[in-house]
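Beneath this line is the structure, given in structure tokens, with notes to follow.
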Amino acid sequence: MDTDSDLDETESTLKALEGVAMQHLVEILGNARYLTRFQLNGAEDFFSFEPRLVSNIQSMELLKVLVLKRISDRGAAVMRNLSAPLTALGLWGRSSYPFDDELLANFAGSFVHLVLPSIEPPTELSRIQCPRVECLAICQTPPLRSISTLIHLFPNVTSLSIQEDDTDIPMSERVEFRRRNQLVQETERWSALDYLGGYVTTLWTLAIQCPVRHLVLVARSD
């Protein structure tokens with residue numbers, strides 16, 4: 001998750017790169033099309049300040065690992081128009097950013113590791129699948145309530161981390177979500193998870209039915 005220090009660092013970096021320095025950055029990244037790993041903190045602010053950075057990243061045709069922190073519409077546009085063979089992606093929303101299939105569609109067949117903090121949960125309308133994803137980490141608002149969408153999108157996950165807390169959902173609703181999740185998994189479920197981590201209340205609601213080898217439970221601290 002972003003911290004105040006992350007924001008301060010982004011602001012100070014943008015100030016330092018004003019004028020000639022920003023032009024130099026654009027030229028450097030313009031000649032970096034063969035990068036295989038790239039991370040940009042405060043991405044949306046950079047894209048707003050210098051739109052040419054968007055095309056710089058989109059020209060990185062050999063990228064395997066990409067991390068973009070604090071994205072919004074411009075950052076999402078980068079993902080929708082990027083054609084690199086990504087195997088690992090980390091997307092942090094500037095706030096809670098809505099999930100849509102086009103964010104991942106270009107790389108659905110190549111992802112192995114996926115980190116999606118502050119990206120809203122996928123909905124039952126999602127039609128894509130990422131069959132190669134083995135490691136998935138999400139931290140979403142509003143809380144994920146249905147396990148079936150995750151099973152459909154990521155059928156071969158072996159490591160799952162869900163760092164969100166659904167304690168604010170009324171108990172009566174959580175009981176009903178749990179019942180639905182149990183019913184769904186009578187016909188579709190993961191074969192096994194090597195790792196499962198998350199808040200006690202969230203994992204209880206999701207009612208994951210497959211065998212789990214390593215379990216990490218997080219309790220809410222008020």
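Taking the side chain as every heavy atom from C-beta outward, L206 and F177 never approach each other to under 4.5 Å. Residues L104 and I128 meet the side-chain proximity criterion, which asks for heavy atoms closer than 4.5 Å. Counting only heavy atoms from C-beta outward, the side chains of L66 and L82 approach each other to under 4.5 Å. Residues V65 and T36 are not in side-chain contact: their nearest non-hydrogen atoms beyond the backbone lie 4.5 Å or more apart. Residues L160 and I162 are in side-chain contact: their nearest non-hydrogen atoms beyond the backbone lie under 4.5 Å apart. Using a 4.5 Å heavy-atom cutoff, the side chains of N41 and F46 are not in contact. Here the side chains of H152 and Q129 are in contact, with some heavy-atom distance below 4.5 Å.
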Start with the C-alpha gap between R74 and S48, add the side-chain angles, then the distance that decides, and say whether side chain to side chain donor-acceptor pair (under 3.5 Å) holds. CA-CA 8 Å; R74 289 180 177 85; S48 299; 3.1 Å; yes
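Here the closest heavy-atom approach between residue N106 and residue N81 is recorded as ND2-N, 4.2 Å. For Q185 against N181, the heavy-atom pair with the smallest separation is NE2-O, 3.0 Å. Minimum interatomic distance between I71 and A43 (heavy atoms only, all atoms of both residues): CG2-CB, 4.2 Å. Across all their heavy atoms, D194 and R213 have their closest contact at OD1-NH1, 2.6 Å. Pairing each heavy atom of E188 with each of S148, the nearest pair is OE2-CB, 3.7 Å. Residue W190 comes nearest to P155 through the heavy atom pair CD1-O, 3.2 Å, listed as atom of the first residue, atom of the second, then distance.
Heavy atoms of other residues, nucleotides or ligands lying less than 6.0 angstrom from CZ of R80 number more than 12.
Between L196 and the options V157, L203, T158, a side chain to side chain contact (heavy atoms under 4.5 Å, CB included) holds for only L203. With R178 as reference, Q182 is the one residue of E176, Q182, R174 to meet the side chain to side chain contact (heavy atoms under 4.5 Å, CB included) rule.
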